[in-house]
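Sequence positions, counted from 1, serve as the residue numbers for this chain.
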Amino acid sequence: MAKIYPEYSHTFGEYLVVPGYSSKNCVPENVSLVTPAVKFKKGEPSAISLNIPLVSAIMQSVSNDRMAVALAREGGMSFIYSSQSIEDEADMVSRVKGYKAGYVQSDSNLRPDMTLADVLTLKEQTGHSTMAVTEDGTCGSKLLGIVTGRDYRVSRMSTDTPVHTFMTPFDKLRTAPVGTTLSEANDIIWEHKLNTLPIIDEEQRLKYFVFRKDYEQHKENQYEMLDSQKRYMVGAGINSRDYADRVPALYEAGADLFCIDSSEGFTEWQKITLDWIKSRYGERVKVGAGNVVDKDGFRFLADCGADFVKVGIGGGSICITREQKGIGRGQATALIEVCGERDAYYEETGIYIPICSDGGIVHDYHMTLALAMGADFIMLGRYFARFDESPTNKLMINGTYVKEYWGEGSNRARNWQRYDMGGDSALAFEEGVDSYVPYAGSLKDNVIRSLSKVRSTMCNCGCLTLSELHRDAKLTRVSSTSIIEGGAHDVILKESRAGRVE
């Protein structure tokens with residue numbers, strides 16, 4: 001008969017953290033959330049460390065280049081979704097790598113014969129208020145002018161007004177030639193009180209923009225994830241089908257970290273993929289694998305050479321794998337077992353393999369629980385899908401702003417490679433749903449709020465680093481009655497908490 005585990009599997013909502021002794025130094029500003037992202041040998045640093053323990057999920061509705069820039073700015077990392085063409089994914093990676101170098105390639109471009117309606121549509125699509133007007137509407141052609149929010153008033157202009165009639169023309173722009181250093185560009189910006197400085201070649205072709213806001217944001221964002229060339233770092237999803245073509249293209253585009261996007265990682269497909277990557281790139285390419293939910297799955301991927309291991313099956317808010325196929329495990333139980341095996345593996349081999357917890361996060365405090373249970377970082381989908389920076393539409397539904405959010409196992413995503421078992425290139429049935437999530441505003445504001453709760457709880461435990469939290473945290477299981485006790489009860493609330501999303 002089948003092996004049956006003697007205990008139920010549990011979720012994060014069934015646990016609480018028990019406070020420990022806190023010294024006077026245990027204050028949130030002293031807490032470090034730096035965490036390893038890839039495996040390392042005992043006594044050596046990890047080749048890649050995150051400044052905050054959050055990464056965004058490999059999903060069409062979550063992780064594009066805009067999300068990647070916003071999250072890297074806060075210290076985390078996005079994994080660009082792989083359920084698109086190789087060329088499109090590589091282009092997204094390239095845009096992220098080109099963004100923070102200071103010289104930004106324009107991806108919001110207009111032709112002079114376009115209209116105000118086109119301006120408004122492009123702004124809605126990209127979120128950018130500064131748009132280049134070029135001869136053929138591409139970044140590399142002759143610069144004719146610039147359109148910013150100061151150049152038009154929607155309330156007083158017809159939407160069919162041609163761009164060339166209200167743009168700031170080239171002869172009124174201050175520009176700089178190719179070869180201008182970033183320091184020199186910033187000096188020009190400050191001296192002439194500019195927001196944008198176009199960098200052009202000798203034939204007036206637009207090459208880059210340098211923005212005042214990039215300089216200011218760099219000063220404001222102390223946790224930015226930057227590579228050795230001061231570019232934002234970005235991850236990329238891959239699959240076990242076209243990796244031989246996708247990995248080289250993404251590596252050439254500048255991807256810093258890869259992750260095999262699969263609903264189940266305890267398979268020969270992942271071994272074949274990891275073997276191919278490691279045999280050709282060695283340690284130059286770092287790649288995570290998963291997902292698994294027990295120690296056997298972890299051991300398999302560790303022995304295959306995974307640089308980190310992702311834990312979780314069926315715990316995502318849009319995932320219906322458990323009800324469709326009857327496989328999975330409660331996220332807390334899966335994470336505790338895998339992290340325990342990770343620690344045993346470290347003792348045996350001297351190699352530490354970071355664990356990424358993927359799924360099951362409903363409230364902010366669940367992040368702290370996942371970290372306390374041993375996770376080194378957390379992959380989030382629904383959490384990031386709610387923000388301005390996610391690639392989906394913001395809609396008004398029944399008087400409430402929402403954003404679209406769909407699973408990679410849904411028919412909308414059609415990401416059959418993620419659920420590939422070697423058969424035909426199609427989804428036989430759905431393992432994800434198409435849904436809405438409540439709109440929550442900017443990524444920055446929400447991440448700051450969520451991590452302030454994590455830091456505060458760590459201080460309650462007397463822990464100033466995540467490694468101390470792994471070692472010293474104490475957790476207790478809670479009953480259904482004590483869960484009720486933990487919220488507001490036996491009072492009449494003055495204001496409804498309905499609709500609040502943490």
Query raised in the report: Short question: side chain of Ser390, backbone of Arg386 - any donor-acceptor pair under 3.5 Å?
Result: no

Report task. Measure across Ile58 and Gly237 and return the closest heavy-atom pair with its distance rounded to 0.1 Å. Result -> CG2-CA, 3.8 Å

Query raised in the report: Hey, does the side chain of Glu404 reach the backbone of Ser61 with a donor-acceptor pair shorter than 3.5 angstrom?
Result: no

Query - Side-chain touch Thr349/Lys42, heavy atoms, less than 4.5 angstrom - result: no

Report task. Would you check if Tyr223 and Leu33 make a side-chain contact, meaning some heavy-atom pair closer than 4.5 Å? Result -> no

Query raised in the report: Does Ser63 use its side chain to pair, donor to acceptor, with the backbone of Ala57 at less than 3.5 Å?
Result: yes

Query raised in the report: Where does the angle between the aromatic ring planes of Phe298 and Tyr345 fall among parallel (under 30°), tilted (30 to 60°) and perpendicular (over 60°)?
Result: perpendicular

Report summary line: In terms of heavy-atom contacts, Leu301 and Gly265 come closest through CD2-O, 3.4 Å

Query raised in the report: Where the side chain of Asn51 meets the backbone of Glu224, is there a donor-acceptor pair that is under 3.5 Å apart?
Result: yes

Report task. Sort out for me which residue in Lys310, Lys39, Arg342 forms a salt bridge (charged side-chain N to carboxylate O under 4.0 Å, His left out) with Asp376. Result -> Arg342

Query raised in the report: Taking atom types as modelled and ignoring hydrogens, do the side chains of Ser450 and Tyr383 form a donor-acceptor contact shorter than 3.5 angstrom?
Result: yes

**Report entry** Within the 6.0 Å centroid threshold, strictly below: Phe258 and Tyr243
**Finding:** no

Query raised in the report: Looking only at side chains, do Ser240 and Thr273 share a donor and an acceptor under 3.5 Å apart?
Result: no

Report summary line: With Met458 as partner, the option from Asp472, Leu469, Asn30 fulfilling side-chain contact (heavy atoms from CB on, under 4.5 Å) is Leu469

Query raised in the report: With the threshold set at 4.0 Å, does a side-chain nitrogen-carboxylate oxygen contact exist between Asp303 and Lys271?
Result: no

Query raised in the report: Would you say Phe12 and Met373 make side-chain contact, with heavy atoms under 4.5 Å?
Result: yes

Query raised in the report: Hey, are Lys97 and Asp227 close enough for a salt bridge, meaning a charged N less than 4.0 Å from a carboxylate O?
Result: yes

Report task. Mark yes or no for whether Thr333, through its side chain, and His10, through its backbone, hold a donor-acceptor pair below 3.5 Å. Result -> yes

Query - Residue pair Leu380 / Met367, side-chain heavy-atom distance below 4.5 Å - result: yes

Query raised in the report: Within the distance-only criterion (no hydrogens, no angle test), does the side chain of Lys286 pair as donor or acceptor with the backbone N or O of Asp256 below 3.5 angstrom?
Result: no

Requested in this report: Please determine if Asp307 and Lys278 form a salt bridge, counting it only when a charged side-chain N lies under 4.0 Å from a carboxylate O.
Outcome: yes

Report task. List the atom of Asp275, the atom of Cys304, and the distance in Å for their closest heavy-atom pair. Result -> OD1-O, 4.3 Å

Query raised in the report: With distance as the sole criterion, is a donor-acceptor pair present between the side chains of Arg73 and Tyr232 under 3.5 Å?
Result: yes

